[in-house]
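In this text, all values refer to a predicted model and were calculated from it rather than measured experimentally. In this chain, residues are counted from 1 in sequence order. Any value given below was found using the heavy atoms of this structure, including those in side chains, with hydrogens, waters and symmetry copies removed. Each ligand, and each atom within it, is numbered from 1 in the order the structure gives.
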Amino acid sequence: MIVLGFESSCDETGVALVCTSRGLLAQALHTQAAMHEAYGGVVPELASRDHIRRVIPLTQQVLREACLTLKDIDWVAYTAGPGLAGALLVGASVAQSIAWSCQKPAMGIHHLEGHLLSPRMANPKPEFPFIALLVSGGHTQLMQVNGVGDYQLLGETLDDAAGEAFDKTAKLLGLGYPGGPLLARLAEQGDGSQIDLPRPMLHSKNLDFSFSGLKTAVLTRLQKNIPNWKSGQPVTGQWAADLAAATQTAIVDVLVSKSVQALNQTGLKRLVIAGGVGANARLRAQLTSHAQKIGAQVFYPPVHLCTDNGAMIAYAAAERINAGLEPKAPRQGFNVYPRWPLIEIDPSMVA
Ligand code: KG4
Ligand code: ZN
């Protein structure tokens, strides 16, 4: 069966075609990063309007690439939440309209389920059960993934997400938006051991995280080291690179330590990294070496599948269909869920 999937929860318009037996057929993505850069963050109304502009040309593009037409589609999937309400509504209404006009069923997908399952598109494919470290701009969670739709929350952030910690620190350093990759690039030129930053909750007995204190610590260092420093003022030189490296090291240390703790606690030997921060090279290197020490294997989706994309939404729907977990009865109308905890996932609710 062929699934046409849409992602529009934030600032990326993603469209993809996935076959339930053959996998990814085609995908297209437009990122709005440059548009939001001038504002230092995502402007929801601009995001919605841009999704409207992009979604149909991207759909035409994937159909062309896969040599398919709308008549070949069996299911339409879209991100139903969580995310920006207006942005979600664009993807949801386009998906539902296409499904209605083709007389095919539509399925709302939880954005984080897309991230959790996307590593299974890669080769080697992680078999269930596995631990997933979900690290995005909005979420930092450790989940035990027993199967499609069977997710157990082991720990999560109590305040800022790891990606948010990257983004906010980058903003303090005047690096621009989105900050994560920019901070990581600057960190490559720095020495993280030169500046001592806290590793919040590193030694707590549970698997929860907290990153807001780290941002405050960076702020304090900036105020102390740079006379008349103003937030967002570009900070340059070796000290800035060292501060970026120290921040990255502190975030990565906590993520690695908690992931290893989750593997030890559950006895599982497979760790899957999902979400945008999964693109971070230091995180990848550290996780691989620490997991090796305890005989565990780490799976990374290719970087282009780590950040938001349409393939993960179409693929999650395909996994649901293959597992017999697709919504069975069509519903009148549809809704989006800007706030939607993954553990309350119930696909029949959003179909
Ligand atoms: O999963 P994602 O694309 O969107 C959300 O659902 O949030 O994740 C975006 C986050 C942003 O915070 C971005 O700064 C971060 O992932 N990110 C990175 C890197 N690439 C993206 N953080 C650190 N290092 C990177 N290389
Ligand atoms: Zn995401």
So is [X] in contact with ligand 1, going by heavy-atom distances below 4.0 Å?
X	value
His111	yes
His115	yes
Cys10	no

Can you tell me the protein heavy atom closest to [atom] and the distance?
atom	result
atom 10 (C) of ligand 1	Gly137 N, 3.4 Å
atom 11 (C) of ligand 1	Asp167 OD2, 3.5 Å
atom 17 (N) of ligand 1	Gly276 O, 3.6 Å
atom 23 (C) of ligand 1	Asn280 ND2, 3.6 Å
atom 2 (P) of ligand 1	Asp308 OD1, 3.4 Å
atom 22 (N) of ligand 1	Gly180 CA, 3.5 Å

Would you confirm whether [X], through its side chain, and [Y], through its main-chain N or O, come within 3.5 Å as a donor-acceptor pair?
X	Y	result
Thr20	Met1	yes
Arg199	Leu197	yes
Arg320	Tyr315	no

Under 3.5 Å, is there a donor on one side chain and an acceptor on the other for [X] and [Y]?
X	Y	answer
His51	Ser8	no
Thr31	Glu12	yes
Gln194	Asp191	yes
Lys258	Thr140	no
Asp159	Ser210	yes
Glu7	Ser9	yes

Flag yes if more than 12 heavy atoms outside Lys171 fall under 6.0 Å of its NZ atom; otherwise flag no. no

Which heavy-atom pair separates Gly295 from Lys269 by the least distance, and what is that distance? O-CD, 3.6 Å

For Leu134 and Gly275, the nearest pair of non-hydrogen atoms, with its separation, is CD1-N, 4.5 Å

Within a distance under 2.8 Å of the Zn ion (ligand 2), the protein atoms of type N, O or S are His111 NE2, His115 NE2, Asp308 OD1

Under 4.0 Å from a heavy atom of [X]: which atoms of ligand 1 are those, numbered in the order shown and with their elements?
X	answer
Gly138	7 (O)
Thr307	3 (O)
Ser136	1 (O), 5 (C), 6 (O), 7 (O), 8 (O)

I'd like to check whether Gly163 has a polar contact with ligand 1, where a contact means an N/O of the residue lying under 3.5 Å from an N/O of the ligand. yes

